[in-house]
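Per chain, numbering begins at 1; letters A, B, ... match sequence-line order. Just so you know, these numbers use all the heavy atoms, side chains as well, and skip hydrogens, waters and symmetry mates.
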Amino acid sequence: MFNFGEILETLKMIQEENLDIRTITLGVSLLDCVDGSLEKTCENIKRKIKAKGQHLVETAKKLEVKYGIPIVNARVSVTPISLLAGSFDEEGTLKIGYALEEVAEEIGVNFIGGFSALVHKGFTKGDLNVFKTIPRVLSETERVCASINVATTKAGINMDGINYAAKIIKETAELTREKDGLGCAKIVVFANAPEDNPFMAGAFHGIGEAEYVVNVGVSGPGVVKRVVEKMPQADLEELANEVKKTSFKITRVGELIGKEAAKLLDVKFGIVDLSLAPTPAMGDSVAEIIEAMGLEYCGAPGTTAALMMLTDAVKKGGAMASSMVGGLSGAFIPVSEDMGMVRAVEVGALNLEKLEAMTAVCSVGLDMIAIPGDTPETTIAGIIADEISIGVINGKTTAVRIIPVPGKKAGEYVEFGGLLGRTVIMEVSCFGSQKFVLRGGRIPAPIQSLRN
Amino acid sequence: MQEKALITVIGEDRVGIIARIATLLAQADVNILDISQTITGGLFTMIMMVDITNCKIEFEELKKLLKEVGQELKLNIEIQHENIFRAMHRL
């Protein structure tokens, strides 16, 4: 039997501190779906996703009831479409995008990720097809998410890819103008993209993965915040230790749900992603954890150190709890999805440059950042290049999800709704990057041995 | 294999809480394995370990019925499969 303390702790974590399973993501390989005919290919894709995917939502529901823990999202990730799109033209690639939307709607998932291209070293015909169609797919569908990997530590940085990505982001913003550029919330530009990430919009099913796989993303910033708040006198070592213990518990729940979901769907269990993923709900904020550690606002000097400690403690606790960890793992710092972050931007404690520094120690990067709609394409390319460089030289994943909101200026507000939240539009440096980024080509891979 | 769940009841103390819940469980063929309760500062807290192996209604239905009893008695009643506690608190 469990004691009162343990049981009440679990209940409290779920009911008051927003502990939940953020997502169960079913990964599906589409490599065997390509056929000479486009219609047949689309049919194959839909059939294959449906085969396991049609039970995904009910499985999540079942586990939610059984364990009394909310499972917020059920989603699907697929093989990067650029690997299939080479057999078709632009129009065909577009149709594949529509097919993904159709099947996602049919099985009731809110997002399907994998309208992706991997161009860290160069472009294939399939990559170009995906690039050309991303703005239309993101504006004409609701559920399809796109990602582009433009760099890896081993290949270096494809600046042409970054320039193209910046162009796509501007086009997507324009095509979804009436929704404040919402389409851009569904595209992520990566360095060192993980192949087993369950979190949207960057999820795709990597080519090293099994036919079908279930990955789970846990959340729980609220739980960690409570732990930190309860220890105002503790030194940083003690604090890190408590965060570690909490992360252990959270991860164990993730593993339990993930393994059981995989069993019910009769597919392989992949990984638990140990990320703390905030939501716009009060208290469910990574910024508030940092503030609870003793910083006046997230963004104040010391923030990077606090975030580093948090990310590392989360990983340490999680790595002990489950042998199958992966994805992005750490702490997400999206701006619009985290009320604490938004508040820090409002008071001027947090700007783009500080966020960039923080991404050297967090799990992803510049995430859900709204910028003025008239920001030049080359400036966006510069922002992406900076962020991607941090990932490449440090051998970690970094990413950019940025939204140039058409017709709006810095300081104005934008509302994306639901989990995507609302935020104030951030100031962007007015100094140009044009000549640098338009040189194009590839920034060579960094040397691994002379690290400093 | 025996399947167990934990029922937690939190709220203001009153006469008949255990009787009401036990009756419901008996009707559903759910066997009570262990009960422990405390009252601290007027707050009634009870934890019940039950065997749901032979439960003749769906788990979801059982949960709903318990919730209804909770509403009636102004208590917060939850039922969760034992595994979540095992995962979180036992190595």
*Asks:* Please report the interatomic distance NZ(A:Lys259) to CG(B:Asn83), rounded to the nearest 0.5 Å.
*Replies:*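 The distance works out to 12.0 Å.
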*Asks:* Heavy atoms, side chains only, cut-off 4.5 Å: are A:Ile14 and B:Glu78 in contact?
*Replies:* no
*Asks:* More than 12 heavy atoms of other residues, nucleotides or ligands under 6.0 Å from CD of B:Glu58: yes or no?
*Replies:* no
*Asks:* Around A:Met309, counting heavy atoms of other residues, nucleotides and ligands shown, do more than 12 lie under 6.0 Å from its CE?
*Replies:*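 Count over threshold, so yes.
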*Asks:* Looking at A:Lys62, A:Glu255, A:Glu9, which makes the most heavy-atom pairs under 4.5 Å with chain B?
*Replies:* A:Glu9
*Asks:* Can you establish whether the number of heavy atoms outside B:Lys67 located under 6.0 Å from its atom NZ is more than 12?
*Replies:*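 More than 12 within 6.0 Å, yes.
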*Asks:* Should the heavy atoms of other residues, nucleotides or ligands under 6.0 Å from CE of A:Met324 be counted, would the total exceed 12?
*Replies:*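 At most 12 heavy atoms, drawn from other residues, nucleotides or ligands, come within 6.0 Å of this atom.
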*Asks:* If only atom types and distance count, is the side chain of A:Arg252 paired as donor or acceptor with the main-chain N or O of B:Arg90 below 3.5 Å?
*Replies:* yes
*Asks:* Return the CZ to CE distance between A:Phe2 and B:Met88, rounded to the nearest 0.5 Å.
*Replies:* 11.0 Å
*Asks:* Can you say whether the rings of B:His81 and A:Tyr67 are parallel (under 30°), tilted (30 to 60°) or perpendicular (over 60°)?
*Replies:*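 B:His81 and A:Tyr67: perpendicular rings.
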*Asks:* Keeping the roles fixed (side chain from A:Lys66, backbone from B:Gln80), state whether a donor-acceptor pair exists under 3.5 Å.
*Replies:*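 Not a single qualifying donor-acceptor pair exists.
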*Asks:* For B:Glu12, does the CD atom have more than 12 heavy-atom neighbours from other residues, nucleotides or ligands under 6.0 Å away?
*Replies:* no
*Asks:* So for B:Glu60, is it side chain, backbone, both, or neither that comes closer than 4.5 Å to the heavy atoms of chain A?
*Replies:*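 For B:Glu60, heavy atoms of backbone and side chain both lie under 4.5 Å from chain A.
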*Asks:* Looking at A:Met308, I'd like to know if its CE atom is crowded, meaning that more than 12 non-hydrogen atoms belonging to other residues, nucleotides or ligands lie closer than 6.0 Å.
*Replies:*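 At most 12 heavy atoms, drawn from other residues, nucleotides or ligands, come within 6.0 Å of this atom.
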*Asks:* Taking C-beta and beyond as the side chain, do A:Thr10 and B:His89 meet within less than 4.5 Å on heavy atoms?
*Replies:* yes
*Asks:* For B:Ile84 and A:Leu256, which heavy atoms make the closest approach, and how far apart are they?
*Replies:* CA-CD2, 3.6 Å
*Asks:* Check the surroundings of atom CD in B:Gln2: do more than 12 heavy atoms from other residues, nucleotides or ligands lie under 6.0 Å from it?
*Replies:* yes
*Asks:* What part of A:Leu8 gets closer than 4.5 Å to chain B, counting heavy atoms only: side chain, backbone, both or neither?
*Replies:*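 Side chain only.
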*Asks:* Which atoms of B:Ile10 are under 4.5 Å from chain A, going by heavy atoms: the side chain, the backbone, both sets, or neither?
*Replies:* side chain
*Asks:* So for A:Leu11, is it side chain, backbone, both, or neither that comes closer than 4.5 Å to the heavy atoms of chain B?
*Replies:*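 The side chain, not the backbone.
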*Asks:* Do A:Asn3 and B:Ile47 have side-chain heavy atoms sitting under 4.5 Å apart?
*Replies:*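 Not in contact.
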*Asks:* Taking the side chain as every heavy atom from C-beta outward, state whether A:Val253 and B:Phe85 have any pair of such atoms under 4.5 Å apart.
*Replies:*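 No, every pair of side-chain atoms sits at 4.5 Å or beyond.
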*Asks:* Side chain from CB out, backbone as N, CA, C, O: work out which of these in A:Phe4 comes under 4.5 Å of a heavy atom of chain B, or both, or neither.
*Replies:*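 Both backbone and side chain of A:Phe4 come within 4.5 Å of chain B.
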